[in-house]
Amino acid sequence: MYDVVVVGGGPSGATAAHDLATAGLRVALLDKAGRIKPCGGAIPPRLIEDYEIPDDQIVARITTARMISPTGRAVDIPIENGFVGMVDRDPFDEFLRKRAADAGAERVTGTFLRILRGDATAVLYRDKATGEERHLPTRLVIGADGARSNVARGEVPGGDKIPYVIAYHEIIRSPGKTEGYDPLRCDVIYDGAISPDFYGWVFPHGDQASVGMGTGVNGVDLKKATAALRVSAGLDGCETLRREGAPIPLEPLRRWDNGRDVLLAGDAAGVVAPSSGEGIYYAMTGGRVAATAAQAALASGRARDLRIARKLFMKEHKTVFRVLRTMQNAYYKSDERRERFVSLCHDVDVQRLTFEAYMNKRLVRARPMAHMRIGAKNVAHLLGLVPRTYA
C-alpha cells in the first residue's frame, strides 16, 4: 500500500514525488517514459534557487529578449541583474525523476489506465516492459499527467474541459552566432502569419535551439508556420534533430481535487501562465503545493485538506495570472494590436518591471510611479493615441 501514487513524471509529478518521499511517505512515481514535451525550456532564477537546480542542467543563460512585431520591427530588452536559464527537457525531466527516486520514491514505468475502487483505491496501469495490466494500491493519487490528463478527465469535475493551445517546435542544431541568431538571446515573434492568437519563438539551448509556435485556432498548419519562422530567422538550413507537439493549458481549473482521494498538479490543473505560456516554474510549484496538501490530508484524514493545494498556489500567483490574461486578451487579437504591444516594449519601465516580475515570480510593488506610468501608456497604446513607431 502506497501513501501516494503520482501519475506523470514531468517537472510537476517528479517534484511532488520528491517532496513526499523526502517527508518519509511511501510514494510510487508512474511515468510512461519516452516522451519529451515540446517546451522552450526557459526557467527563472527563482526556480533554480527554490528547487536547487545544479549548473550542469542549465544549457544556456539568456541575457537579452528580442520582441519582433508583425512588420519585423525588433525591440531588444536587456535582462538586468539576472538571466533566463534554459534547460533541455529530456535530461532535465530525467534529472528530476532520478532525484525523486534518490529521495525514496519508487519509479514505475507504464501507462495509466484508470483508478480502481473497492475495499481500497488502486491505480491500474499497463506495464511497459511486459504489456501486462498491474495495479498500485494507494491512499491518494496525484494526477500530473499533462493538459489532456486522463486522471483529471475521469476524476475531477471540469477536468475534461480545460482550454489549451497546441504548441509545436523543432529542435535544431545551433548555427552559432549569426546575423539573425544569437545564442544568448531569446526571440519572441508576435506575428499573425506565424500564430494568429499566440506567438512564435527561437530559444537557444546551447548547441541546440528550440524553434516553434503555439495556437488555439483550428486549421493552422503548425509545421508550415514553423518552417516560415525558420526561414525568417535564417535557420532553415540547420539540421532538425526532433519534432514535438502537445497541448498547453491556458487557465487553471476551478477545482483540483475530487473531494475524496485524487488531486491534480501542473498542466493537469491548468497552471501555465497566460500570454507567455511559461510552464516549468508553475508546474514545479504546483507539484510542491500538491505534496503539501497530500501530506495534510493524510495526516488529518480529511479529504477537504486536498483543497489546500489550489489555495496556496492561487494565493501567490492569482494576480500575475490575471494580469497576463488581460494582456493576452488585449494585445493578441490582431496584428495592429501586436504592433502596438511591441511598441510598448520600448518603454524602460515596462522592460524593468517585466523581467523583475519574471525572475522573482511576483508583481513588483516597490515602484508605484512606474506602475502608474505603465498603466497610462498601456491605455494610450490600446486606444491608438501613440504612433506604432513609438520608442
Side-chain angles (χ1 to χ4, degrees), residues 1-37 39 51 89-156 159 244 246 256-258 260-269 280 283-284 286-295 297-298 306 309:
M1 173 65 71
Y2 294 95
D3 294 306
V4 184
V5 170
V6 180
V7 180
S12 186
T15 299
H18 170 268
D19 286 6
L20 290 165
T22 300
L25 278 68
R26 189 176 182 204
V27 182
L29 177 60
L30 174 63
D31 188 64
K32 58 186 178 182
R35 170 69 171 151
I36 306 172
K37 182 182 175 181
C39 175
Y51 297 96
R89 286 294 297 274
D90 189 9
F92 180 70
D93 288 15
E94 177 58 22
F95 160 77
L96 295 176
R97 289 189 289 266
K98 184 178 184 301
R99 185 162 70 175
D102 290 344
E106 181 179 337
R107 294 183 63 173
V108 180
T109 304
T111 302
F112 170 83
L113 297 176
R114 63 184 181 275
I115 294 176
L116 304 175
R117 290 190 174 86
D119 294 336
T121 299
V123 169
L124 183 69
Y125 73 99
R126 188 176 305 281
D127 186 277
K128 183 175 182 179
T130 66
E132 297 176 352
E133 291 188 3
R134 301 181 182 276
H135 68 280
L136 302 167
T138 185
R139 299 170 67 189
L140 291 177
V141 177
I142 292 178
D145 52 335
R148 289 175 174 165
S149 165
N150 288 320
V151 176
R153 187 178 297 114
E155 294 290 333
V156 177
E244 299 154 354
W256 293 6
D257 69 277
N258 69 347
R260 181 179 179 182
D261 53 9
V262 173
L263 176 62
L264 303 179
D267 281 11
I280 300 176
M284 295 180 71
R288 176 148 290 175
V289 296
T292 299
Q295 291 178 70
L298 289 170
L306 295 174

Asker: Any donor and acceptor pair, going by atom type alone, linking the side chain of D267 with main-chain N or O of G146 inside 3.5 Å?
Answerer: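 Such a contact is absent between D267 side chain and G146 backbone.
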Asker: What's the separation between atom CG in L263 and atom CG in L306, rounded to the nearest 0.5 Å?
Answerer: 5.5 Å
Asker: Which heavy atom in G104 sits nearest to a heavy atom in A21, and how many Å separate them?
Answerer: C-CB, 3.9 Å
Asker: Determine yes or no for a side-chain-to-main-chain donor-acceptor pair under 3.5 angstrom, with R134 supplying the side chain and D127 the backbone.
Answerer: no
Asker: Atom OH of Y125 and atom CG of L113: how far apart are they, to the nearest 0.5 Å?
Answerer: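 Rounded to the nearest 0.5 Å, the OH-CG separation comes to 10.0 Å.
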Asker: Suppose we screen for side-chain contact (heavy atoms from CB on, under 4.5 Å). Which residues come up paired with D3, at least two apart in sequence or across chains?
Answerer: L25, R26, R139, L298
Asker: Determine yes or no for a side-chain-to-main-chain donor-acceptor pair under 3.5 angstrom, with R126 supplying the side chain and G131 the backbone.
Answerer: yes
Asker: To the nearest 0.5 angstrom, please state how far the CG atom of L140 sits from the OH atom of Y2.
Answerer: 15.0 Å
Asker: So which atom in Q295 and which in L20 form the shortest heavy-atom distance, rounded to 0.1 Å?
Answerer: CG-CD2, 3.7 Å
Asker: May I ask you to test the T15-Y51 pair for a side-chain heavy-atom distance under 4.5 Å?
Answerer: yes
Asker: Which atom pair, heavy atoms only, marks the closest approach of G143 to A268?
Answerer: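 The pair with the smallest heavy-atom distance is O-CB, 3.5 Å.
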Asker: With a 4.5 Å cut-off on side-chain heavy atoms, are T111 and K128 touching?
Answerer: no
Asker: Can you name the nearest heavy-atom pair linking A122 to H135, along with the distance?
Answerer: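 Closest approach of A122 to H135, heavy atoms only: CB-CD2, 4.0 Å.
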Asker: Enumerate the side chain to side chain donor-acceptor pair (under 3.5 Å) contacts for residues 146-156, please, sequence neighbours excluded, ordered by first and then second residue.
Answerer: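 Checked against side chain to side chain donor-acceptor pair (under 3.5 Å) - neighbours excluded - the pairs reaching residues 146-156 are R117-E155, D145-S149, R148-Y164, N150-R153, E155-N258.
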Asker: Side chains of D93 and P11: closer than 4.5 Å at any heavy-atom pair?
Answerer: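 SC-SC contact between D93 and P11 confirmed.
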Asker: Would you call L264 and D257 a side-chain contact if the rule is heavy atoms closer than 4.5 Å?
Answerer: no
Asker: Please determine which of R89, R107, R99 meets the salt bridge (charged side-chain N to carboxylate O under 4.0 Å, His left out) test together with E94.
Answerer: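 With E94 as partner, R89, R107, R99 yield a single salt bridge (charged side-chain N to carboxylate O under 4.0 Å, His left out), made by R107.
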Asker: Between V4 and V141, is any pair of side-chain heavy atoms under 4.5 Å apart?
Answerer: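 The answer is no; the side chains never approach within 4.5 Å.
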Asker: What is the minimum heavy-atom distance between A293 and A309, and which atoms define it?
Answerer: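 In this case the closest contact between A293 and A309 is CB-N, 3.5 Å.
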Asker: Ignoring hydrogens and angles, tell me if any N or O in the side chain of T138 forms a donor-acceptor pair with the backbone of V5 under 3.5 Å.
Answerer: yes
Asker: Identify the two heavy atoms, one from A28 and one from V108, that lie closest to each other, and give their separation to 0.1 Å.
Answerer: CB-CG2, 4.4 Å
Asker: Determine, stepwise, if the pair F112 / V151 fulfils side chain to side chain contact (heavy atoms under 4.5 Å, CB included).
Answerer: CA-CA 8 Å; F112 170 83; V151 176; 3.8 Å; yes
Asker: Just verifying a value: how many Å separate D90 CG and E244 CD, rounded to the nearest 0.5 Å?
Answerer: 8.5 Å
